[in-house]
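Written below as structure tokens is the structure these notes are about.
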Amino acid sequence: MDDLFKKILSHSKEYGFVFQSSDIYDGLGAVYDYGQNGVELRKNLREYWWKAMVQLNEEIVGLDSAIFMHPTTWKASGHTDAFNDPLIDNKDSKKRYRADVLIEDQIEKYRLKAEKEVEKAAKRFGDSFDADLYRSTNPRVLENLQKAEDLRKRFALSAENDDLKEMQQIIIDEAIVCPVSGSKNWTEVRQFNLMFSTDLGSVADGAMKLYLRPETAQGIFVNFLNVQKTGRMRLPFGIAQTGKAFRNEIVARQFIFRMREFEQMEMQYFVKPGTELEWYEHWKAKRLQWHLSLGLNSSFYRYHDHDKLAHYANAAADIEFDFPFGFKELEGIHSRTDFDLKRHEEFSGKKMQYFDPELNESYVPFVVETSVGLDRLFLSVLSRSYDEETLEDGSQRTVLHLPAPLAPIKAAILPLVKKDGMPELARKIQKELSLHFNLQYDEKDAIGRRYRRQDAIGTPFCITIDPQSLEDGTITMRERDSMKQDRVDLNSLKERLLNECSMESMLLKL
RNA sequence: GCGGGCGUAGCUCAGUCGGUAGAGCAUCAGCCUUCCAAGCUGAGGGUCGCGGGUUCGAGUCUCGUCGCCCGCUCCA
């Protein structure tokens with residue numbers, strides 16, 4: 001598995017799919033560039049998503065909101081708080097913890113201690129036991145509850161002041177130990193802000209601190225009213241958007257799986273309160289179907305339902321993909337309730353409501369979100385298309401079994417030999433077809449080698465111009481996966497390629 | 001951030017005891033070639049990640065730094 005992943009890494013560099021960012025300066029961590037073939041594949045994936053979501057659903061419209069947003073957006077969404085974790089390491093176990101979680105666990109411990117006292121007493125006294133009275137009078141219970149309360153207050157104050165030293169002091173004072181090593185050998189508490197910031201305005205003092213959006217969803221929420229009103233949208237309806245998002249990951253790993261700058265393809269579906277779980281199930285199924293329509297083996301996909309839900313969700317699932325390093329999240333489907341719109345109402349003072357003409361009343365819609373990482377999608381398709389085949393004659397070929405509509409190059413134009421008028425005819429065919437398809441012309445080396453070159457970048461068809469072509473206007477069409485050849489008339493070539501390479505056949509599976 | 005591994009040509013890698021860098025594939029030009037790579041001739045491409053130190057001399061030893069991979073951690 002490791003081996004395969006490594007091979008995919010070098011293949012994607014060697015054939016112009018993915019390069020490390022700023023390569024000549026030793027690279028920039030967890031940032032990658034897409035090369036001449038990668039950009040095409042990625043663009044096709046984005047386009048296929050867009051067609052499936054926006055073009056095929058009349059109640060879903062597109063949007064392209066800016067990366068910069070008013071800073072209050074992130075207060076409302078909860079990112080300013082939630083993306084700001086105080087972390088501490090245990091030097092012995094090498095484990096990292098969130099300092100706030102450690103302290104909260106400690107508070108919980110005191111409460112549990114108090115509860116245990118109550119339970120013990122309940123056993124002792126039987127039916128006549130008055131739990132509330134015991135709780136308010138027993139000294140040991142009171143002591144533990146007091147400790148919990150004191151600690152809670154002290155911690156709340158430190159959190160409010162962003163006082164990391166105080167948090168560390170709390171951990172020391174409370175003698176909190178690492179659950180793994182059991183030691184109290186802690187580092188300092190450090191703040192990790194997962195959002196990138198920059199300044200709006202060129203003068204430092206007048207500047208406004210901005211964040212690069214950590215998710216695209218908020219751009220949709222703040223435009224909810226704009227789109228609903230100008231688009232005369234009626235519930236249920238959706239807004240779809242693709243675009244870059246940025247997260248300052250503590251540890252970004254696994255190639256383009258977790259990058260600091262990445263592209264999301266999100267759709268927020270606004271529904272009537274109470275119907276959200278139906279729609280959640282609907283989109284959960286729809287989105288898996290979309291992935292399956294790409295034509296990769298269905299065993300690479302599975303659902304992962306969340307037990308632990310985020311603060312805004314009342315249902316959540318991932319569609320996971322079997323990457324070369326195991327099953328990992330590819331897409332998330334979340335029932336986000338009315339959390340986001342309500343919060344924006346609160347922070348902006350604007351009503352984020354929909355007037356329902358049937359009920360003759362206004363309410364804040366509920367939201368079902370589908371959110372897929374384009375780069376992860378790219379990696380899923382690339383890694384599971386990659387194949388090293390051993391042919392009948394024992395020779396090897398490396399081939400990308402990309403779905404034809406996604407392939408960077410749809411067809412290669414190859415004169416069988418570089419003479420006798422074949423290159424000229426090939427150039428003529430290339431010129432005509434290039435109005436419709438992304439093509440590549442190649443006359444260098446033996447024909448077999450040229451086929452292999454195209455296999456390596458996933459070109460589904462090779463069009464070979466031979467002497468017969470000059471006589472009767474037919475060419476050889478060689479198919480990538482079967483390696484079979486077929487005589488095709490030049491007059492029907494365009495139509496044939498359109499049939500095979502357009503996204504229509506994939507869209508029909510939806 | 002901690003621990004481990006690694007960094008030499010586009011890719012995969014070799015490089016002995018410290019003596020100014022090699023292979024295969026790939027690329028380019030030409031030849032040959034009438035359908036599945038690895039036939040011939042020639043060419044280009046590396047201040048050995050970067051910076052300091054030791055040394056007469058560093059790809060090799062040493063320190064630092066950057067980056068990559070794995071584990072821990074984190075992950076709306």
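Chain letters run A, B, ... following the sequence lines, proteins first and then strands; every chain starts at 1. Both backbone and side-chain heavy atoms feed into the values below; hydrogens, waters and symmetry mates do not.
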Query raised in the report: Using 4.0 Å as the upper bound for N to carboxylate O, is an ion pair formed by A:Glu263 and A:Lys244?
Result: no

**Report entry** Plane angle bin for A:Tyr301 and A:His291 - parallel if under 30°, tilted between 30 and 60°, otherwise perpendicular
**Finding:** tilted

Requested in this report: Assign the ring pair A:Phe224 / A:Phe237 to parallel, tilted or perpendicular, where the plane angle (0 to 90°) is split at 30° and 60°.
Outcome: parallel

Requested in this report: Please confirm whether the backbone N or O of A:Leu41 pairs with a side-chain atom of A:Tyr34, one donor and one acceptor, at under 3.5 Å?
Outcome: no

Query raised in the report: Heavy atoms under 4.0 Å, any strand shown: does A:Leu416 hit a base, just sugar-phosphate, or nothing?
Result: base

Short heteroatom pairs, N/O only, protein and nucleotides 41-49 of chain B, under 3.5 Å:
residue, atom, partner, partner atom, Å
B:G49, O2', A:Asp26, OD1, 2.9

Report task. Using a cut-off of strictly less than 4.0 Å between a heavy atom of the residue and any atom of RNA chain B, enumerate the qualifying residues of residues 272-287 of chain A by number. Result -> none

Query raised in the report: Which pairs count as salt bridge (Lys or Arg N to Asp or Glu O under 4.0 Å) when at least one residue sits in residues 450-465 of chain A, sequence neighbours excluded?
Result: A:Arg397-A:Asp455, A:Asp442-A:Arg453, A:Asp445-A:Arg453, A:Asp455-A:Arg478

Query raised in the report: Between B:C68 atom P and A:Phe19 atom CZ, what is the distance in whole Å?
Result: 17 Å

**Report entry** P spacing across the pair B:A58 / B:A21, given as an integer number of angstrom
**Finding:** 12 Å

Query - Atom-pair distance (CZ on A:Phe257; C1' on B:C69), nearest Å - result: 16 Å

Query - Nucleotide nearest A:Val417 when distance is taken to its side chain, options B:C36, B:U34, B:C75 - result: B:U34

**Report entry** Under 3.5 Å on both distances, the Watson-Crick or G-U partner of B:C2
**Finding:** B:G71

Requested in this report: Identify whether any heavy atom of A:Thr464 sits under 4.0 Å from a base atom; if not, whether one sits that close to sugar-phosphate; answer base, sugar-phosphate or nothing.
Outcome: base

Report task. Please identify each residue that fulfils salt bridge (charged side-chain N to carboxylate O under 4.0 Å, His left out) with A:Lys286, with sequence neighbours left out. Result -> none

Report task. Between B:G57 and B:G18, how far apart are the C1' atoms? Round to whole Å, please. Result -> 8 Å

Requested in this report: Have a look at A:Tyr32 and say if it touches a base, only the backbone sugar-phosphate, or nothing, with a 4.0 Å heavy-atom cut-off.
Outcome: sugar-phosphate

Query raised in the report: Near RNA chain B, which residues from residues 373-385 of chain A have a heavy atom under 4.0 Å away?
Result: none

Query - Base of B:C36 paired with side chain of A:Arg478 (donor-acceptor, under 3.5 Å) - result: yes

Query raised in the report: Counting any heavy atom closer than 4.0 Å, what does A:His334 reach on the DNA or RNA strands: base, sugar-phosphate only, or nothing?
Result: sugar-phosphate

Query - side-chain hydrogen bond (donor to acceptor under 3.5 Å, both in side chains) partners of A:Ser380, counting only residues at least two apart - result: none

Requested in this report: Report the residues that fulfil salt bridge (charged side-chain N to carboxylate O under 4.0 Å, His left out) with A:Arg427, sequence neighbours left out, ordered by chain and then residue number.
Outcome: none

Query raised in the report: Taking the same atom, C1', in B:C32 and in B:G39, what whole-Å distance lies between them?
Result: 8 Å

Report summary line: Winner on side-chain proximity to A:Lys419, out of B:C70, B:U33, B:A37, is B:U33

Requested in this report: Tell me yes or no: between the side chains of A:Glu266 and A:Thr216, is some donor less than 3.5 Å from an acceptor?
Outcome: yes

Query - Sugar-phosphate, base or nothing in reach of A:Gln20, heavy atoms under 4.0 Å - result: sugar-phosphate

Report task. Scan A:His344, A:Lys342, A:Arg336 and name whichever one has a side-chain hydrogen bond (donor to acceptor under 3.5 Å, both in side chains) with A:Asp340. Result -> A:Arg336

Query raised in the report: Tell me: CE of A:Met422 to P of B:U33, nearest whole Å?
Result: 12 Å

Requested in this report: Would you kindly say whether A:Gln264 and A:Glu215 are connected by a side-chain donor-acceptor distance under 3.5 Å?
Outcome: no

Below 3.5 Å, can you tabulate the donor-acceptor pairs from side chains in residues 464-473 of chain A to any protein atom, sequence neighbours excluded?
residue, atom, partner, partner atom, Å
A:Thr464, OG1, A:Tyr451, OH, 2.8
A:Asp466, OD1, A:Gln468, N, 3.2
A:Asp466, OD1, A:Ser469, N, 3.0
A:Asp466, OD1, A:Ser469, OG, 2.9
A:Asp466, OD1, A:Arg487, NH2, 2.9
A:Asp466, OD2, A:Arg487, NH1, 2.8
A:Gln468, NE2, A:Asp472, OD2, 2.9
A:Ser469, OG, A:Asp466, N, 2.9
A:Ser469, OG, A:Asp466, O, 3.2
A:Ser469, OG, A:Thr474, O, 2.8
A:Asp472, OD1, A:Thr474, N, 3.1
A:Asp472, OD1, A:Thr474, OG1, 2.8
A:Asp472, OD2, A:Thr474, OG1, 3.4

Query - Atom-to-atom span, NZ of A:Lys6 to P of B:C6 - whole angstrom - result: 11 Å

Query raised in the report: When you match A:Ser10 and A:Arg397 each to their closest nucleotide on RNA chain B, which lands nearer the 5' end?
Result: A:Ser10

Query raised in the report: Now, which nucleotide makes the Watson-Crick or G-U wobble pair with B:A38, with each of the two distances under 3.5 Å?
Result: none

**Report entry** A:Glu276: partners by salt bridge (charged side-chain N to carboxylate O under 4.0 Å, His left out), with sequence neighbours left out
**Finding:** none

Report summary line: For nucleotides 23-30 of chain B, 5' to 3', base contacts (B), sugar-phosphate-only contacts (S) and non-contacts (-) with protein non-hydrogen atoms under 4.0 Å give ---SS-B-

Requested in this report: Using the P atom on both, measure B:C40 against B:A26 and round to a whole Å.
Outcome: 12 Å

Report task. Could you tell me which nucleotide pairs with B:G45 by Watson-Crick or G-U wobble geometry, both distances under 3.5 Å, or answer none if nothing does? Result -> none

Query raised in the report: Is the distance between the ring centroids of A:Tyr211 and A:Phe68 less than 6.0 Å?
Result: no

Query raised in the report: Would you say A:Lys13 reaches B:C11's phosphate, i.e. side-chain N/O to OP1/OP2 under 4.0 Å?
Result: yes

Requested in this report: Using Watson-Crick or G-U wobble geometry with both distances below 3.5 Å, tell me the partner of B:G10, or none.
Outcome: B:C25

Query - Spacing of A:Arg260 atom CZ relative to B:G67 atom P, expressed in whole Å - result: 9 Å

Report summary line: Separation of B:U73 atom C1' from A:Asn248 atom CG, nearest Å, is 15 Å

Query - Residues that A:Asp486 engages under salt bridge (charged side-chain N to carboxylate O under 4.0 Å, His left out), provided they are two or more places apart - result: A:Arg496

Report summary line: Against the side chain of A:Met483, the closest entry in B:C35, B:C36, B:U12 is B:C36

Query raised in the report: In Watson-Crick or G-U wobble terms, both distances under 3.5 Å, what is the partner of B:U60?
Result: none

Report summary line: To the nearest angstrom, the CZ-C1' distance between A:Phe325 and B:C68 comes to 15 Å

Query raised in the report: How long is the line joining CD1 of A:Ile8 and P of B:C68, in whole Å?
Result: 19 Å

Report summary line: Those residues at least two apart in sequence (or on a different chain) that pass side-chain hydrogen bond (donor to acceptor under 3.5 Å, both in side chains) with A:Glu479 are A:Ser482

Requested in this report: Using the P atom as the reference point in each nucleotide, state the distance between B:C70 and B:C13 in Å, no decimals.
Outcome: 15 Å

Query raised in the report: For the ring pair A:Phe321 and A:Phe323, is the centre-to-centre distance below 6.0 Å?
Result: yes

